[in-house]
**Q** 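Please find one structure pasted underneath; my questions will follow.
Along the sequence shown, the residues carry numbers beginning at 1.
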Amino acid sequence: MKKIIKVFSLIIFSLIILGFKENVSASSATFSVRSSASTVAVGNNVTVTVTLSSSTALGSWNFTIGYDTSKLRLISSTAERDQTSAGVVSSANQKSVSYKYTFKTLKSGTANVNISDAIVYDFNDEKMSLNRGSVNITLKTWEQIEASYSTNANLKSITIDGGELNPNVTLNPAFNKDTLEYSIELEPNTTEIS
């Protein structure tokens with residue numbers, strides 16, 4: 001019985017030590033994905049920036065972006081191979097790198113751009129744990145955009161400042177949102193009003 005307890009204790013102790021060591025030495029990196037606009041008219045371009053960052057020095061990386069090809073068409077990127085980007089740090093202190101992807105919008109709906117596959121190593125060639133970001137972009141036709149505009153073009157009020165000669169200038173008739181024409185009486189030699 002004592003042997004079983006000792007073996008069991010040794011296994012528990014080993015698991016705790018290994019688990020603690022792994023948590024301390026493991027570094028992490030984050031992929032943030034940002035769009036130049038949250039809503040884009042169909043037919044226009046939108047730029048998405050992917051930034052890989054970490055609090056520790058990066059070593060090398062390889063990642064692929066994913067997106068809905070029925071709604072977006074990749075027309076340019078600063079990545080090495082359009083959708084896929086691979087790189088190695090240029091200095092021992094490099095903690096971030098960014099890539100830009102420009103898409104032509106094809107049809108209305110919501111398009112998601114994400115990190116579909118990735119592997120990142122720190123400067124010591126240790127594999128990093130990853131947080132993968134994504135962004136949703138709303139795509140609307142011009143008709144959908146115009147339909148969202150307010151149809152209320154009414155004025156809320158009109159005020160007139162007649163200046164020093166006659167500070168009591170008033171509208172005739174009194175303001176009403178449905179009235180289209182007004183008149184005012186000004187002192188002779190008045191050259192401007194606000």
Side-chain angles (χ1 to χ4, degrees), residues 2-140 145:
K2 285 185 179 182
K3 275 188 174 183
I4 293 174
I5 292 174
K6 284 182 181 180
V7 171
F8 183 74
S9 298
L10 183 60
I11 292 172
I12 296 294
F13 180 76
S14 297
L15 289 174
I16 290 171
I17 295 298
L18 289 175
F20 180 76
K21 182 180 177 188
E22 190 171 297
N23 287 338
V24 170
S25 65
S27 54
S28 65
T30 299
F31 284 98
S32 63
V33 183
R34 304 279 183 257
S35 173
S36 59
S38 59
T39 302
V40 182
V42 172
N44 287 353
N45 295 343
V46 62
T47 300
V48 172
T49 302
V50 173
T51 301
L52 169 62
S53 61
S54 175
S55 60
T56 59
L58 296 170
S60 61
W61 56 90
N62 190 337
F63 68 91
T64 303
I65 62 166
Y67 59 93
D68 185 343
T69 57
S70 71
K71 295 179 180 157
L72 298 172
R73 183 176 74 239
L74 183 63
I75 57 175
S76 70
S77 79
T78 59
E80 290 77 14
R81 290 171 277 148
D82 291 334
Q83 283 180 254
T84 302
S85 183
V88 178
V89 293
S90 55
S91 77
N93 297 326
Q94 187 172 351
K95 295 182 178 180
S96 70
V97 62
S98 293
Y99 297 90
K100 292 193 181 294
Y101 301 85
T102 302
F103 296 93
K104 177 87 166 181
T105 59
L106 304 176
K107 70 177 185 180
S108 63
T110 300
N112 179 271
V113 179
N114 59 70
I115 306 301
S116 63
D117 189 32
I119 188 164
V120 179
Y121 292 92
D122 66 16
F123 195 72
N124 297 317
D125 286 331
E126 296 289 328
K127 188 174 179 181
M128 301 178 85
S129 62
L130 299 176
N131 297 313
R132 299 182 194 185
S134 67
V135 66
N136 287 325
I137 307 165
T138 303
L139 310 176
K140 292 185 176 184
I145 291 171

**Q** Indicate the atoms forming the closest heavy-atom contact of K71 with T110, along with that distance.
**A**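 Between these two residues, the closest heavy atoms are NZ-O, 3.3 Å.
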**Q** For residues 127-137, please give each side-chain donor-acceptor pair under 3.5 Å, one per line with the distance, not counting sequence neighbours.
**A**
from : atom 1 : to   : atom 2 : distance (Å)
N131 : ND2    : T30  : OG1    : 3.4
R132 : NH1    : S116 : O      : 3.3
N136 : OD1    : N112 : ND2    : 2.8

**Q** Search all heavy atoms of L139 against all heavy atoms of A111 and return the closest pair with its distance.
**A**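 Result for this residue pair: CD1-CB, 3.9 Å.
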**Q** How long is the span from the OG1 atom in T102 to the CG atom in L74, to the nearest 0.5 Å?
**A**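 Taking OG1 in T102 and CG in L74, the distance rounds to 8.0 Å.
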**Q** Ignoring hydrogens, what is the shortest heavy-atom contact between L106 and V42? Give both atom names and the distance.
**A**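 For L106 and V42, the tightest heavy-atom pair comes out as O-CG1, 3.3 Å.
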**Q** Could you report the tightest heavy-atom contact between A41 and T105, atom names first, then the distance?
**A**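 What the structure gives for the nearest pair is O-OG1, 3.0 Å.
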**Q** Which heavy atom of V48 sits nearest to which heavy atom of V113, and what is that distance?
**A** CG1-CG1, 4.0 Å
**Q** Distance from S77 atom OG to I65 atom CD1, nearest 0.5 Å?
**A** 7.0 Å
**Q** Distance only, no hydrogens: is a donor on one side chain within 3.5 Å (strictly under) of an acceptor on the other, for S53 and T51?
**A** no
**Q** Does S54 use its side chain to pair, donor to acceptor, with the backbone of S28 at less than 3.5 Å?
**A**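 Indeed, once roles are kept as given, a pair shorter than 3.5 Å links the two residues.
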**Q** Does any N or O in the side chain of D122 come within less than 3.5 Å of the main-chain N or O of N124, such that one atom is a donor and the other an acceptor?
**A** yes
**Q** At what distance, to the nearest 0.5 angstrom, does OG1 of T64 lie from CG of N114?
**A** 10.5 Å
**Q** Please check this pair: side chain of S36 against backbone of T47, looking for a donor-acceptor N/O pair closer than 3.5 Å.
**A** yes
**Q** Would you check if F31 and V50 make a side-chain contact, meaning some heavy-atom pair closer than 4.5 Å?
**A**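 Counting from C-beta outward, F31 and V50 do come under 4.5 Å.
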**Q** Sort and list the pairs that fulfil ring pair (Phe, Tyr, Trp, His ring centres under 6.0 Å) and have at least one residue in residues 96-116, not counting sequence neighbours.
**A** F63-Y99, Y67-F103
**Q** Any side-chain donor-acceptor pair under 3.5 Å between T49 and K100?
**A** yes
**Q** Roughly how far apart are L58 CG and K95 NZ, rounded to 0.5 Å?
**A**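 Between atom CG of L58 and atom NZ of K95 there are 9.5 Å.
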